[in-house]
Number of protein chains: 2
Amino acid sequence: MATILIVDDEPDIREVIRFALEGTGFRVLEAGHADEARKLMQSEEPDLILLDWMLPGRSGLELAQQLKQNPKSRGIPIIMVSARGEEEDRIRGLETGADDYIAKPFSPREMVARVNAVLRRSKPEESSDQIEIGGLRIDNVSHRVTAEGQRIDVAPTEFRLLHFLMSHAERAFTRSQLLDQVWGEQIYVEERTVDVHVRRLRKALEETGHDNLLQTVRGVGYRFSDKP
Amino acid sequence: MATILIVDDEPDIREVIRFALEGTGFRVLEAGHADEARKLMQSEEPDLILLDWMLPGRSGLELAQQLKQNPKSRGIPIIMVSARGEEEDRIRGLETGADDYIAKPFSPREMVARVNAVLRRSKPEESSDQIEIGGLRIDNVSHRVTAEGQRIDVAPTEFRLLHFLMSHAERAFTRSQLLDQVWGEQIYVEERTVDVHVRRLRKALEETGHDNLLQTVRGVGYRFSDKP
DNA sequence: CCCGGTCGTCACATCCTTGTCACGGGATCT
DNA sequence: AGATCCCGTGACAAGGATGTGACGACCGGG
C-alpha cells in the first residue's frame, strides 16, 4: 500500500485530498510547510508527494528542487498542486522535476487518477528492462530470469508478476493491485490466485537458493525485497 | 552522448524537453516545423527524433512517414509526442513507423526513460555482414550459413529470419515483431507461420548438431541464443 | 510443360500454464 | 485458550500455446 505525503498550508485542501486518497486505500501523511515535510520524509519514506506550489516561506517549487537534487529523495515522484491553472506555472513545475501537475479546482477523482498514473510509471525509473536485486536478475528484453548466471525457468504470468514486483521493489501490493497491474484491469480472477503464483515463484527461486525475496505482508499482500 | 532532435511548434514544450534531456547529458537540437527539421537532419545527423504529432502545415505524421521512407534517415528512431492521449492516434503513430509514443502531459522522467529505452533498443542495429554465435556463422554477403565450415542449406525466408534473430541475439521477439521485421510490415501472414519457419530452421541446424540456438519463449515468441 | 524448391495454412498431438479448491498450519485478537 | 482470519500447499482439470507432418499453390528453370 503506497504512502502519500501531502504538503499544503491549507488544512481544508489537505482534508479533501486525504479523504479522496484514503478512500482508495492509500496511507496519507500531511505537512503544513516545507520543514515539516522534510521531517516526515526522513521518518516515513513516502512513495509520492503532493506538493502545493505556493507555500509560505520557501515556495513549493524550491522544496521540489531540493528533493530532486538529493539522491535519496530524487526517486520519489512529485505532483505539483497549484491554485492557478497558468500554463507558465505548469512549465516551471515540470522543469524542476515534478512528474505531474494538477490545477487547484480539481475533482477528487482526477486527483486519484493522477496519483495512480504517476505511481504506475514512477518506479521503473531507468530502463526497467534489466533489474537486479539481491542477486536475482530479471531481463525484460531477453525475457530471462537468472541468479548468478544460472537461469531460472518461469512461466509467462509468473514472469510478469516477478517483473512487476522487482521493478517496484520494497513496496507492498495488495492482491487486488497485483491483479490489476499484472493480469489487467478487466480480467477477473480470484484474489487467492495471486498466492498460488507467488508460491510457484518462490519454489522456482528456492531451487537456486534465493529465499525470502518474495515476502508476504500479512493483511496486505506481497512485496519483493532483498532485505529480510 | 547521443544527439536528440525535438520537432515541435510550441517553444515551451521544447524548453521542457530540452531541460530534461540536457540534464541527463544529451545534446539537444530544436526545430519548430518540418522544414527546419529536414534541414537539421542533414547537417547534424541526430540519433533520435522527438516528433510532435500536430505540426502546422504538414502534420508530424507525414514527416515521420517521409523519414522512414528515406533510406538515409530510416534507421533513426522516432518517438511521437501527442497532445491527445487517444489510443487511435497511438496506433496510427506506431503504424507509420514511430518507435515509441508518449502522450503530452508527460513527466520529464518518463521522457528521459523512453528516450533511453528507444536508444538502447535501436543500438544493436549493427548490420554487420558476418555474425558468428555459438559456432554458427551467417554471412549476409555470400548469403550462406555455416557451422564449422560445414554448409547449411537454408531457404531465403529462413535466411532472413535467422539473420535477424542472430543480429539481435539474446533478445526475445513476438511473432508479430518477427513478421514486421522479416516479412515486412504490410504483408499479412498468419502468426503461426513463424513457428513453421522456426521449425524448418531448427531442423536444418540440428543436422549439424546445433540444437537449442533457436529458443522458444513461452507466451512471447522466439529468441536466438547460444546460452542454454 | 514438368519438376524441384519454397512458402503459407491446416489439423492434430502434446506439453505447459493457469485458475480454483480444499485442507491445514499459523498468526492474531479477545 | 478458543475463535477467527490469513496464508502456504498440493492436486487437478480445462484451456492455451507450441511442435510437427502434410498439402496445395506458386514460381523459375530446365
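What you see is a predicted model, and the numbers here were worked out from it, not measured in a lab.
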Taking [atom1] from [X] and [atom2] from [N], how many angstroms apart are they, rounded to a whole number?
{"X": "A:Arg218", "N": "D:dT4", "atom1": "CZ", "atom2": "P", "answer": "16 Å"}
{"X": "B:Asn212", "N": "D:dG19", "atom1": "CG", "atom2": "P", "answer": "12 Å"}
{"X": "A:Gln215", "N": "D:dG8", "atom1": "CD", "atom2": "P", "answer": "12 Å"}
{"X": "B:Leu201", "N": "C:dC7", "atom1": "CG", "atom2": "C1'", "answer": "13 Å"}
{"X": "A:Leu179", "N": "C:dG19", "atom1": "CG", "atom2": "C1'", "answer": "11 Å"}
{"X": "A:Lys203", "N": "D:dA11", "atom1": "NZ", "atom2": "P", "answer": "8 Å"}
{"X": "B:Arg199", "N": "C:dC7", "atom1": "CZ", "atom2": "C1'", "answer": "14 Å"}
{"X": "B:Glu158", "N": "C:dC7", "atom1": "CD", "atom2": "C1'", "answer": "8 Å"}

Candidates [options] - which lies nearest the side chain of [X]:
{"X": "B:His197", "options": "D:dC7, C:dT18, C:dG8", "result": "C:dG8"}
{"X": "A:Val196", "options": "D:dG10, C:dG8, D:dG8", "result": "D:dG10"}
{"X": "A:Glu190", "options": "C:dC21, D:dG16, D:dC7", "result": "C:dC21"}
{"X": "B:Asp195", "options": "D:dT18, D:dG10, C:dT18", "result": "D:dT18"}

Exercise. Are the aromatic ring centres of A:Phe224 and A:Phe164 under 6.0 angstrom apart?
Worked result: no
Exercise. Is the number of heavy atoms from other residues, nucleotides or ligands under 6.0 Å of B:Glu132 CD greater than 12?
Worked result: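 Above 12, so yes.
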For this session: Record whether the side chain of A:Arg192 comes under 3.5 Å of the base of D:dG8 through a donor-acceptor pair of N or O atoms.
Result: yes
Exercise. Between the base of D:dG21 and the side chain of B:Arg200, is there a donor-acceptor distance below 3.5 Å?
Worked result: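 It does not, because no donor-acceptor pair links the side chain of B:Arg200 to the base of D:dG21 below 3.5 Å.
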For this session: With DNA chain D as reference, determine whether B:Val220 or A:Gly219 sits nearer its 5' end, using the nearest nucleotide of each.
Result: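 Final value for this comparison: A:Gly219.
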For this session: Report the C-alpha distance between A:Phe159 and B:Val220 in whole Å, list the side-chain angles of each, state the deciding distance to 0.1 Å, and finish with yes or no for side-chain contact (heavy atoms from CB on, under 4.5 Å).
Result: CA-CA 11 Å; A:Phe159 184 92; B:Val220 181; over 6 Å; no
Exercise. Looking across every strand, which nucleic acid part, if any, lies under 4.0 Å from A:Val198 by heavy atom: base, sugar-phosphate, or nothing?
Worked result: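 The residue A:Val198 makes no contact with any strand.
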Are [X] and [N] close enough that a side-chain N or O sits under 4.0 Å from OP1 or OP2?
{"X": "B:Trp183", "N": "C:dC7", "result": "no"}
{"X": "B:Tyr222", "N": "D:dG19", "result": "yes"}
{"X": "A:Thr157", "N": "C:dT17", "result": "no"}

Problem set entry | A:Asp153 vs A:Thr193, nearer the 5' end of DNA chain C by closest nucleotide | A:Asp153
Problem set entry | Upstream residue (5' side of DNA chain C) when B:Arg160 and A:Glu191 are each assigned their closest nucleotide |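 Looking at the nearest nucleotide for each, B:Arg160 comes out on the 5' side.
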For this session: Give a yes or no on whether the backbone of A:Arg144 and the side-chain of A:Asp139 come within a donor-acceptor separation of less than 3.5 Å.
Result: no
Exercise. Do NZ/NE/NH1/NH2 and the carboxylate oxygens of A:Arg151 and A:Asp153 come within less than 4.0 Å?
Worked result: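 Between A:Asp153 and A:Arg151 there is a salt bridge, with a charged N closer than 4.0 Å to a carboxylate O.
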For this session: Go through the structure and list residues passing salt bridge (Lys or Arg N to Asp or Glu O under 4.0 Å) with A:Asp180, not counting sequence neighbours.
Result: none
